[in-house]
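Below you'll find the structure, written out as structure tokens, and then a few comments.
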Amino acid sequence: MLNPADLPSTFVHPESCSGPAQISIQNFNLWYGKSQALHSINLPILQHEITSFIGPSGCGKSTLLRAINRLNDLIDNVTVDGDIRVGERSVYERHLDVTSLRKRIGMVFQKSNPFPMSIYENVCYPLRISGITSRATLDEAVETSLRSSALWDEVKDRLKRSALDLSGGQQQRLCIARAIAGNPEVLLMDEPCSALDPISTAKIEELILEMKGRFTVVIVTHSMAQASRVSDHTAFFYLGRLIEAGPTKRLFENAHSKATQDYISGRFG
Amino acid sequence: MFSFGSKQSDSQGASQAPQPAVLFKTAVRIRSRAANNATEGIPWIWVCAGALVTILLLIAGLFGVILSQGLSALWPHQVIKIQSENALVLGIPMRQEEGTDPNTNVKQMRRLVYQANRDFGVNEFAFVPVERLVESERPKDVWFVERREWGPFLGRIQTSDSNGVATDVDSKTLSAMLVGGAERSKQLLHIEKGALADLNATMEDLRLEKKSIERQLEAGAIPDDEATAKSSNVESQLARVSKDHAALSTQVQELRSVDEAIKITLLADNGQTKTLPVSQILRVFQPNSLSWIERLGIFFSRLWGFVSEEPREANTEGGVFPALFGTVAMTIIMTVFVLPVGVMTAVYMREIAKQGVLVSLVRIAVNNLAGVPSIVYGVFGVGFFCYTVGASIDQLFFQEKLPNPTFGTGGILWASLTLALLTVPVVIVSTEEALSAVPRSLREASYGCGATRMQTLWNIVLPKALPGVMTGLILAMARAVGEVAPLLMTGVVKLAPALPVDSHFPFVHLERSFMHLGFHIYDLGFQSRSTELSRPMVFASTSLLVAVVLSLNFIAIKIRSQLRKRFEGRGAF
Ligand SMILES: Nc1ncnc2c1ncn2[C@@H]1O[C@H](COP(=O)(O)OP(=O)(O)OP(=O)(O)O)[C@@H](O)[C@H]1O
Ligand SMILES: [Mg+2]
């Protein structure tokens with residue numbers, strides 16, 4: 001185990017900075033009240049690639065993810081310092097319209113959280129709140145998103161039925177469909193498979209791989225295997241700090257820092 | 001008057017008193033035999049179960065007493081003979097009790113007997129020593145006559161021919177006569193409540209218009225010649241309507257004299273007779289020669305009459321329809337006010353306002369409001385709604401009718417608002433609870449999709465909280481239906497001249513005073529001529545009130561379970 005004082009400074013492999021960055025996190029700090037949860041994070045997230053966040057529990061992965069779409073605003077007493085840019089614009093700009101930012105960023109949560117509505121209404125919720133009422137547009141968006149999340153064949157005959165009747169895995173895929181229905185640029189996924197069985201997990205991993213090239217995906221995971229299977233880049237966090245980020249292959253085979261090697265090989269975590 | 005009811009429930013209580021003790025003993029035995037940790041707490045389980053059983057039995061007893069008394073008031077009971085000082089008289093035996101003879105001071109079993117025939121010099125209710133009841137003698141040909149006035153009659157029915165010779169009437173002729181009488185009454189009622197009432201309303205409107213023109217003239221708002229022209233126009237209309245009214249009144253008069261010429265004679269056991277128009281008679285039957293089916297038929301027809309007719313004889317007879325209508329209407333109007341106001345308040349406190357000292361103080365205040373005695377709300381209602389808001393409305397819109405108040409006095413609107421005020425804390429508290437129970441993950445999902453706070457509230461949070469809101473509403477309605485004290489001051493009356501909804505423009509008259517079952521019961525129980533006379537109506541009305549509360553709750557619970565089903569999966573949208 002490492003003490004905070006002994007932590008190495010952040011090392012980001014040059015390959016992970018080589019493309020156009022969709023999201024760039026610059027010297028970002030975050031406090032919950034008085035306790036600091038994130039310490040000077042610097043990390044580019046490349047466009048249309050899949051980046052995974054790994055690290056032991058409580059190291060701030062979810063916090064960073066929620067900082068990107070400003071979901072932390074819902075929590076009292078959160079203060080931030082530094083900057084996160086999505087595309088060209090800063091997320092923490094003073095007069096930013098948070099809702100339009102969030103419309104550009106889809107989010108999937110650890111526990112599936114479908115709305116108590118029909119399957120159809122769940123998927124088209126992001127469109128409805130943008131004021132889209134045209135039946136044809138909605139129908140089309142619902143079908144494409146459900147197809148993209150590999151749920152269409154299972155639910156196409158029961159679109160009007162409650163989303164809560166679906167199985168856990170189906171619900172999570174429904175949440176993915178909902179997250180991508182508004183056609184966002186970025187998809188944030190916070191441990192999307194942690195509550196699922198292996199088959200559902202495999203399905204969702206497949207989905208994530210298919211999304212490469214269409215969305216910029218950031219996925220938080222506790223499974224090393226999953227990170228190595230789905231992601232192009234991996235970022236390792238520890239105690240609120242980014243320790244190392246780079247191409248997944250490099251990190252898993254030949255990590256720069258000892259802490260990363262130890263965590264990946266399962267020596268702590 | 002209510003001692004009767006409580007006596008019954010006392011005996012209920014006594015009968016199940018030993019039950020918990022027995023349960024407890026069994027429990028102790030189980031425990032000592034097993035004597036290990038697994039059985040710990042079993043006595044407590046039994047004690048709690050015993051408490052539950054006690055409560056259930058008490059509730060069952062309560063409903064049982066009220067319902068049996070209420071329904072028995074509508075049942076056509078048999079008539080027996082009673083040995084009076086010198087003759088046998090008719091009577092319906094009622095309850096039995098031990099009492100002392102006022103003359104001899106001897107204890108005896110005696111029975112209350114209903115002898116009807118109030119206008120034949122008979123004590124309607126009399127206590128008779130049991131040995132004087134002649135149960136065996138049940139004359140088959142006795143008629144039980146329900147009349148519009150003077151209460152029921154027991155005895156014989158006769159008609160007199162042109163020579164004045166009276167003969168007992170056979171049931172066929174009688175029923176034909178009654179049908180005719182009912183027909184004529186209906187016709188008269190139709191004219192009086194229809195065309196005649198319309199003409200009256202028009203005349204009243206014209207009179208008000210005339211007054212308004214005079215007022216405007218005085219104020220100088222319109223020139224003299226215009227005022228003259230307008231008033232002469234109104235005058236001529238008034239004259240025309242008055243003529244119509246007079247014509248119709250004559251027609252009514254004629255119909256009435258025709259009706260009153262067709263008479264029937266009632267002959268009581270004590271030899272007294274009374275002749276009255278057939279249309280005064282509402283229902284007749286021979287209580288001792290009815291089959292079970294006929295008895296049931298009469299029971300249900302009385303039941304229907306009870307809920308659908310207007311009261312007669314200072315509310316002690318007839319139906320309670322206006323009271324039933326008033327109760328339901330008031331509850332609905334109250335709901336219309338209390339639901340949006342309560343929900344919006346709760347939403348503001350829980351979802352919009354910054355949680356802090358101020359909100360906590362408001363929350364405490366709201367909780368305390370729920371504990372304020374209801375009469376306080378009544379005083380506030382009459383002071384604020386009737387005399388302040390209502391009086392201002394009158395000044396602004398109903399000046400012609402002054403000094404007669406329109407809104408400036410008690411009415412169903414003010415009563416409903418007062419009750420809404422009384423019940424709004426309940427709705428606020430339960431809505432707040434429901435809102436705080438909406439899982440955070442759902443809100444986050446909505447915000448994550450880019451929804452605004454209002455969109456999240458409206459689309460996700462409120463629908464999810466709706467079953468909880470319904471729970472609050474059910475509690476509020478249950479409380480409102482049963483409240484009488486605040487109504488006494490804000491518009492309830494013993495006998496309302498008209499329902500708050502009728503066929504005259506604007507159809508809904510929220511300023512009208514109204515009748516209410518709760519007040520009806522109070523009025524019958526404490527304000528009527530004879531407690532014995534009104535007792536059956538008290539129980540019947542109470543049963544109805546209970547039924548109203550239960551069915552309103554049932555509807556609300558049905559809606560809630562529908563909503564729950566919807567939010568917990570199952571079922572389509
Ligand atoms: N709402 C909050 N208020 C205060 N502290 C919080 C809050 N949410 C998280 N934290 C703290 O911030 C730190 C980072 O939490 P975070 O949820 O980001 O961890 P994580 O890496 O996602 O962990 P896990 O893998 O278990 O999900 C933790 O120490 C946690 O206790
Ligand atoms: Mg987390």
Side-chain angles (χ1 to χ4, degrees), chain A residues 62 65-66 68-76 97-131 158-167 171 174-175 178-182 184 187-190, chain B residues 343 347-360 431 433-471 559-573:
Chain A
S62 302
L65 205 67
R66 293 160 56 94
I68 296 173
N69 67 352
R70 285 190 58 176
L71 216 51
N72 285 328
D73 288 11
L74 302 180
I75 301 165
D76 290 337
D97 176 9
V98 182
T99 59
S100 70
L101 169 77
R102 290 187 189 138
K103 279 175 190 152
R104 287 162 55 205
I105 302 176
M107 182 144 187
V108 179
F109 298 80
Q110 173 170 5
K111 244 186 101 229
S112 63
N113 49 6
F115 299 130
M117 308 174 181
S118 68
I119 295 170
Y120 184 92
E121 285 302 324
N122 257 283
V123 180
C124 64
Y125 186 75
L127 286 87
R128 282 225 193 267
I129 57 174
S130 310
R158 45 193 263 210
L159 289 177
K160 295 286 162 207
R161 297 194 59 87
S162 172
L164 304 175
D165 292 346
L166 297 175
S167 75
Q171 287 190 7
L174 180 71
C175 291
R178 183 176 66 194
I180 61 180
L187 191 59
L188 305 178
M189 307 177 109
D190 193 350
Chain B
V343 170
V347 164
Y348 186 83
M349 288 212 297
R350 177 66 57 182
E351 302 284 324
I352 298 172
K354 198 164 157 49
Q355 302 297 309
V357 182
L358 191 64
V359 169
S360 306
T431 306
E433 265 166 31
L435 288 174
S436 61
V438 174
R440 205 191 147 110
S441 66
L442 277 185
R443 296 168 197 258
E444 288 190 339
S446 174
Y447 287 121
C449 289
T452 62
R453 184 146 77 164
M454 278 303 135
Q455 283 170 333
T456 304
L457 191 62
W458 189 249
N459 295 316
I460 308 297
V461 178
L462 273 185
K464 182 80 184 169
L466 220 49
V469 176
M470 286 302 291
T471 305
I559 296 175
R560 180 177 64 181
S561 71
Q562 212 61 36
L563 289 171
R564 281 227 175 105
K565 218 189 259 168
R566 182 166 166 169
F567 293 126
E568 283 161 12
R570 304 193 295 278
F573 280 80

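The chains referred to below are lettered A, B, ... by the order of the sequence lines, with proteins before strands, and numbering in each begins at 1. This one's a predicted model, so the numbers in the text were calculated from it and none came from an experiment.
Neither the backbone nor the side chain of A:L188 comes within contact range of chain B, judged by heavy atoms closer than 4.5 Å. Looking at A:R70, neither its backbone nor its side chain comes within 4.5 Å of chain B, counting heavy atoms on both sides. In this structure, no portion of A:P184 lies under 4.5 Å from any heavy atom of chain B. At a 4.5 Å heavy-atom cutoff, the contact between B:R440 and chain A is made by side-chain atoms alone.
Sorted by first and then second residue, the pairs that involve residues 114-130 of chain A and meet salt bridge (Lys or Arg N to Asp or Glu O under 4.0 Å), not counting sequence neighbours, are A:E121-A:R128.
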**OP:** Go through the steps for A:L74 and B:E444 under the test side-chain contact (heavy atoms from CB on, under 4.5 Å), then give the verdict.
**Re:** CA-CA 8 Å; A:L74 302 180; B:E444 288 190 339; 4.1 Å; yes
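In terms of heavy-atom pairs under 4.5 Å with chain A, the best-connected choice from B:P439, B:A451, B:A445 is B:A445. Heavy-atom pairs under 4.5 Å with chain B peak, among A:V98, A:D76, A:I129, at A:I129. Most heavy-atom pairs under 4.5 Å with chain B: of the set A:R178, A:K111, A:M107, A:R158, this distinction falls to A:R178.
When all heavy atoms of B:G450 and A:R102 are compared, the pair lying nearest together is CA-CB, 3.7 Å. The shortest non-hydrogen separation linking B:L442 to A:F115 is O-CE2, 3.6 Å.
Put simply, OG1 on A:T99 and OH on B:Y447 are 11.5 Å apart, with the number rounded to the nearest 0.5 Å. Taken from CG in A:L127 to SG in B:C449, the straight-line distance is 10.0 Å, to the nearest 0.5 Å. We find the CD-OH distance between B:Q455 and A:Y125 to be 6.0 Å, quoted to the nearest 0.5 Å.
With A:N113 contributing its side chain and B:S441 its backbone, the two residues share a donor-acceptor pair below 3.5 Å.
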